[in-house]
Participant: 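The structure is given below, and queries will be raised subsequently.
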Amino acid sequence: MDIQDVCTSPESFRFLIVRTENGGIRDLFRFLLFSDKASGAKFLHSSDHELLLGGGDGAGVTPDHPWVIFVSILDLKIIVLFGKPMEWTGYFVEFLLNLLSENGNLPGLLHNLLRGKVVMPQRGSETFISAIGHLDGRIDLYESNLLEERISEHTSRGRSGHIEIGDRALMDFCMMASKLAYENDNVIRNVVNLHWKMHFVDFYNCWNDYHKERSTQVFILCDKPRDANLILISFRGTEPFDADDWCTNFDFSWFEIPKLGKVHMGFPEALGLGNRVDTSTFQKHLQVNNINITSSNAVAETRGRSEGSASISSSTSSEEQESAWDRSSGSEGPATTGKKQLVPDMVEMTAYYTVKSKLKSLLNDHKNAKFIVTGHSLGGALAVLFPTVLVLHEEKELMHRLLGICTFGQPRVGSRRLGRFMEAHVDHPVPKYFRVVYCNDLVPRLPYDDGKTFLYKHFGVCLYYNSFYIEQKVDEEPNRNYFGMRYLVPEYLNAFWELSRSFITGYVSGPEYEEGWLSILLRIVGLALPGISAHSHTDYVNSVRLGRESSIYMSSL
């Protein structure tokens, strides 16, 4: 179905889609310099012609800021152009890093070469570490005994208890899980079981129907295998060499969910909740009070379409328990019988339905447990969108067991109306959604927000750390769009400071804070674009561990 053929009745979703393939550089410059609508229409597709003219509710694309559209489309074109080289570079870099590490670095590699006993890295093995893992090799939790104590205290207090988000142990747990999500399932299992002494539940490599590949990774763990108190869900973030991930961050395509607000289109696509090629798929999964999606049926259907995956079988083994949950939950949302049931028409398993099915099973098995959702970068956006859709589907019992959402370096996910909708569900009586931002990190400033015309807004509590790891509780991080001229000089001075700091942090704060050559190399890259190096996990881990304590609380209803 062509986008322009989609029904635009009041019952249909409104949407705006950016497409870079239909126009050239000449069209892009004509749109920038002359606000040529015909040229703009080659890149912008909408359910409502007024959106392209700046009408409607003022949240569309207007000629008042053509340079924003120009920069965004130009960035997308550049990323797409270098997509394959980025992928090949990523394979080479990760192979080289693992070749060095598995042979004892350069001296060991040369020695093994002379002996003819070079150890070749195997992608997907328990020793193959991602580029993110090599950038920051820390895997142990900070004050793990304190974390266990806090979790136990929270459970003993029942539903009225709370956990301080300023507690370094809990925040570090979320941050380290967000970092671990970049690894393969064998590495994650070893770290969770052997180093953290917790229980690894499963790892899912889920299908993104728009990208036509498995590009959404998420894993689940419990603090212990029986009578668990805490369940953690961690979504993988932006892969540094994945063009599709970066396109999602820079893209500003959106669709509007009636009664909820506008949502960045790429994030629900990553969760398996629609496909921009056929926007009616979003309506099937996200229509408020007009759908009835039974997760067990959805997962069973996707399982049948993707046999042979161990992750799928493990995630759908508890359908009977989930059915019992649905009958006893009293929910009037998607689990209610008597309405037409919709099955996701994805060709493979999708993240939202798979994770929701497994979560219901775990909460049914662990009666006292609550769950936390976390993620870094793109993973942070998925982490906040997952409970958003749970609210949309009226999964009241699941939301009652939500302990909190903690994201790191997360991009904007939608409009102010969406933020107000979610704040009403996760910020009362006390905040349960926390967004951690380090200094000049570029990604939390995406997509662009000029405060008036463009729709993307952050919401929730923002814990902002400057380059001295001093924490501030703010509504919005300073320089919310990164490109302000008055911030230009401080950004580059700060990049020089961060590079200098990388040589001394290990001496000042302890050997576990010593940065390796790869991290220092990224700091050098940051001299050209400070926002890229500031997105590193190193600074987020350091912010949590070295930052001053806060009086912010994460608690249950």
Participant: Report the C-alpha distance between His376 and Lys179 in whole Å, list the side-chain angles of each, state the deciding distance to 0.1 Å, and finish with yes or no for side chain to side chain contact (heavy atoms under 4.5 Å, CB included).
Facilitator: CA-CA 7 Å; His376 169 267; Lys179 186 165 77 77; over 6 Å; no

Participant: Could you tell me the separation between the OG1 atom of Thr20 and the CZ atom of Phe43, rounded to the nearest 0.5 Å?
Facilitator: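 Answer rounded to 0.5 Å: 8.0 Å.
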
Participant: Is it the case that the side chains of Glu183 and Ser130 hold a donor-acceptor pair, with the cut-off being a distance below 3.5 Å and no angle test?
Facilitator: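 Indeed, the side chains of Ser130 and Glu183 share at least one donor-acceptor pair under 3.5 Å.
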
Participant: Would Ile25 and Leu74 count as a side chain to side chain contact (heavy atoms under 4.5 Å, CB included) here? Give the steps.
Facilitator: CA-CA 8 Å; Ile25 296 297; Leu74 184 62; 4.2 Å; yes

Participant: Is the closest side-chain heavy-atom distance between Pro121 and Phe95 below 4.5 Å?
Facilitator: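 Sidechains of Phe95 and Pro121: in contact.
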
Participant: Applying the salt bridge (charged side-chain N to carboxylate O under 4.0 Å, His left out) criterion to Glu476, which one of Arg445, Arg412, Lys457 satisfies it?
Facilitator: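 Considering Arg445, Arg412, Lys457, a salt bridge (charged side-chain N to carboxylate O under 4.0 Å, His left out) with Glu476 is found only for Arg412.
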
Participant: Where do Gln410 and Thr407 land on the side chain to side chain donor-acceptor pair (under 3.5 Å) test, with the steps shown first?
Facilitator: CA-CA 6 Å; Gln410 168 213 313; Thr407 69; 2.8 Å; yes

Participant: Describe, in one word, how the ring planes of Phe235 and Phe386 are oriented to each other, choosing from parallel (under 30°), tilted (30 to 60°) and perpendicular (over 60°).
Facilitator: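 Tilted, since the angle between the ring planes falls between 30° and 60°.
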
Participant: Of the options Asp539, Asn542, Asn494, which is the one that meets Arg501 in a side-chain hydrogen bond (donor to acceptor under 3.5 Å, both in side chains)?
Facilitator: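 Of all the options given, the one that passes is Asp539.
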
Participant: Any chance you could lay out the side chain to side chain donor-acceptor pair (under 3.5 Å) test for Tyr464 and Glu477, step after step, and finish with the verdict?
Facilitator: CA-CA 6 Å; Tyr464 173 77; Glu477 58 273 6; over 6 Å; no

Participant: Measure the spacing between NE2 of His285 and CG of Asn275 and express it to the nearest 0.5 Å.
Facilitator: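 It is 9.5 Å, given to the nearest 0.5 Å.
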
Participant: Taking all atoms of both residues into account, what is the closest heavy-atom pair of Asp441 and Gly409, and its distance?
Facilitator: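 Looking at all heavy atoms of both residues, the shortest contact is OD2-CA, 3.5 Å.
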
Participant: Looking only at non-hydrogen atoms, find the nearest pair between Val443 and Ser377 and report the distance.
Facilitator: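 The pair with the smallest heavy-atom distance is CG1-OG, 4.0 Å.
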
Participant: Taking all non-hydrogen atoms of both residues, which atom of Glu102 and which atom of Thr127 are closest, and how far apart?
Facilitator: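 Scanning both residues, the minimum pair turns out to be OE2-OG1, 3.2 Å.
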
Participant: How about Thr279 and Ile17: do any of their side-chain heavy atoms sit closer than 4.5 Å?
Facilitator: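 Sidechains of Ile17 and Thr279: in contact.
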
Participant: With a 6.0 Å cut-off on the ring centroids, do Trp497 and Phe468 count as close?
Facilitator: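 Between Trp497 and Phe468, the centre distance is under 6.0 Å.
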
Participant: For Arg236 and Asp245, run salt bridge (charged side-chain N to carboxylate O under 4.0 Å, His left out): C-alpha distance rounded to whole Å, both residues' side-chain angles, the deciding distance at 0.1 Å, then the answer.
Facilitator: CA-CA 11 Å; Arg236 177 191 59 81; Asp245 284 356; 2.9 Å; yes

Participant: Begin with the C-alpha distance, continue with both residues' side-chain angles, and end with the deciding distance and a verdict on side chain to side chain donor-acceptor pair (under 3.5 Å) for Asn184 and Glu126.
Facilitator: CA-CA 8 Å; Asn184 67 63; Glu126 61 185 23; over 6 Å; no

Participant: So do Asp242 and Glu87 actually touch side chain to side chain, heavy atoms under 4.5 Å?
Facilitator: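 Sidechains of Asp242 and Glu87: no contact.
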
Participant: Salt bridge or not for Asp251 and Arg276, using N-O below 4.0 Å?
Facilitator: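 A salt bridge is present here (some side-chain N lies under 4.0 Å from a carboxylate O).
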
Participant: Please determine whether salt bridge (charged side-chain N to carboxylate O under 4.0 Å, His left out) holds for the pair Glu21 and Lys77, giving the CA-CA distance in whole Å, both sets of side-chain angles, and the decisive distance to 0.1 Å.
Facilitator: CA-CA 8 Å; Glu21 68 273 13; Lys77 280 185 168 292; over 6 Å; no

Participant: Provide the closest heavy-atom pair for Ser46 versus Leu16 in the form atom of the first, atom of the second, distance.
Facilitator: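 For Ser46 versus Leu16, the nearest heavy atoms are CB-CD1, 3.8 Å.
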
Participant: Which class fits the ring pair His535 and Tyr540: parallel under 30°, tilted 30 to 60°, perpendicular over 60°?
Facilitator: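 Rings of His535 and Tyr540: perpendicular, as their planes differ by over 60°.
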
Participant: Is any side-chain heavy atom of Val118 closer than 4.5 Å to one of Leu99?
Facilitator: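 Contact flag for Leu99/Val118 side chains = yes.
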
Participant: Classify the ring geometry between Tyr469 and Tyr438 as parallel (under 30°), tilted (30 to 60°) or perpendicular (over 60°).
Facilitator: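 Plane angle between 30° and 60°, so tilted.
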
Participant: Classify the ring geometry of Trp196 against Phe173: parallel below 30°, tilted from 30° to 60°, perpendicular beyond 60°.
Facilitator: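 Plane angle over 60°, so perpendicular.
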
Participant: When rounded to the nearest 0.5 angstrom, what distance separates CG in Leu362 from SG in Cys222?
Facilitator: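 The CG atom of Leu362 sits 5.0 Å away from the SG atom of Cys222.
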
Participant: Between Gly237 and Tyr182, which heavy-atom pair has the shortest distance, and what is it?
Facilitator: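 So the two residues come closest at CA-OH, 3.2 Å.
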
Participant: Less than 4.5 Å apart, any side-chain heavy atom of Phe282 and any of Met265?
Facilitator: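 Side chain of Phe282 against side chain of Met265, heavy atoms only: contact under 4.5 Å found.
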
Participant: Name the residue from Tyr456, Phe15, Trp254 that meets the ring-ring contact (aromatic ring centres under 6.0 Å, His included) definition with His264.
Facilitator: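 Of the listed options, the one satisfying the test is Tyr456.
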
Participant: Is Val541 close to Arg138 at the side-chain level, that is, under 4.5 Å between some pair of heavy atoms?
Facilitator: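 Touching, per the 4.5 Å side-chain cut-off.
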
Participant: Could you tell me if Glu491 and Asn479 have a donor-acceptor pair between their side chains, going purely by distance under 3.5 Å?
Facilitator: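 Checked: Asn479/Glu491 side chains pair up, N/O donor to acceptor below 3.5 Å.
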
Participant: Can you measure from NZ (Lys42) to CG (Asn22) and round to the nearest 0.5 angstrom?
Facilitator: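 Here the interatomic distance stands at 9.5 Å.
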
Participant: For the pair Thr216 and Met349, evaluate side chain to side chain contact (heavy atoms under 4.5 Å, CB included) and give the outcome as yes or no after the intermediate values.
Facilitator: CA-CA 10 Å; Thr216 303; Met349 73 166 186; over 6 Å; no

Participant: Is there a side chain to side chain contact (heavy atoms under 4.5 Å, CB included) between Val18 and Leu76? Walk through the geometry before answering.
Facilitator: CA-CA 10 Å; Val18 178; Leu76 290 172; 4.0 Å; yes

Participant: Are side-chain N/O atoms of Thr374 and Ser234 paired as donor and acceptor at under 3.5 Å?
Facilitator: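 Per modelled atom types, Thr374 and Ser234 side chains form no pair under 3.5 Å.
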
Participant: Would the Tyr433 and Phe459 ring centres measure less than 6.0 Å apart?
Facilitator: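 Yes - the distance between ring centres of Tyr433 and Phe459 falls below the 6.0 Å cut-off.
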
Participant: Rounded at 0.5 Å granularity, tell me how far CD in Gln217 sits from OH in Tyr204.
Facilitator: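 Nearest 0.5 Å value for the CD-OH distance: 13.5 Å.
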
Participant: More than 12 heavy atoms of other residues, nucleotides or ligands under 6.0 Å from CD of Gln122: is that the case?
Facilitator: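 Count not over threshold, so no.
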
Participant: Measuring from His195:NE2 to Leu180:CG, what's the distance to the nearest 0.5 Å?
Facilitator: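 Going from NE2 on His195 over to CG on Leu180, the span is 10.0 Å.
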
Participant: Mind checking whether Thr248 and Phe267 have side chains closer than 4.5 Å, heavy atoms only?
Facilitator: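 Yes, close enough: below the 4.5 Å cut-off.
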
Participant: Is the shortest heavy-atom distance from the side chain of Phe371 to the side chain of Leu232 under 4.5 Å?
Facilitator: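 With C-beta onward as the side chain, the pair stays apart.
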
Participant: Which pair of non-hydrogen atoms, one from Leu499 and one from Leu527, has the smallest distance, and what is that distance?
Facilitator: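 Looking at all heavy atoms of both residues, the closest pair is CD2-CD1, 4.0 Å.
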
Participant: If you measure only the distance, is there a donor-acceptor pair under 3.5 Å linking the side chains of Thr538 and Glu515?
Facilitator: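 No, because no side-chain N or O of Thr538 sits under 3.5 Å from a partner of the opposite role on Glu515.
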
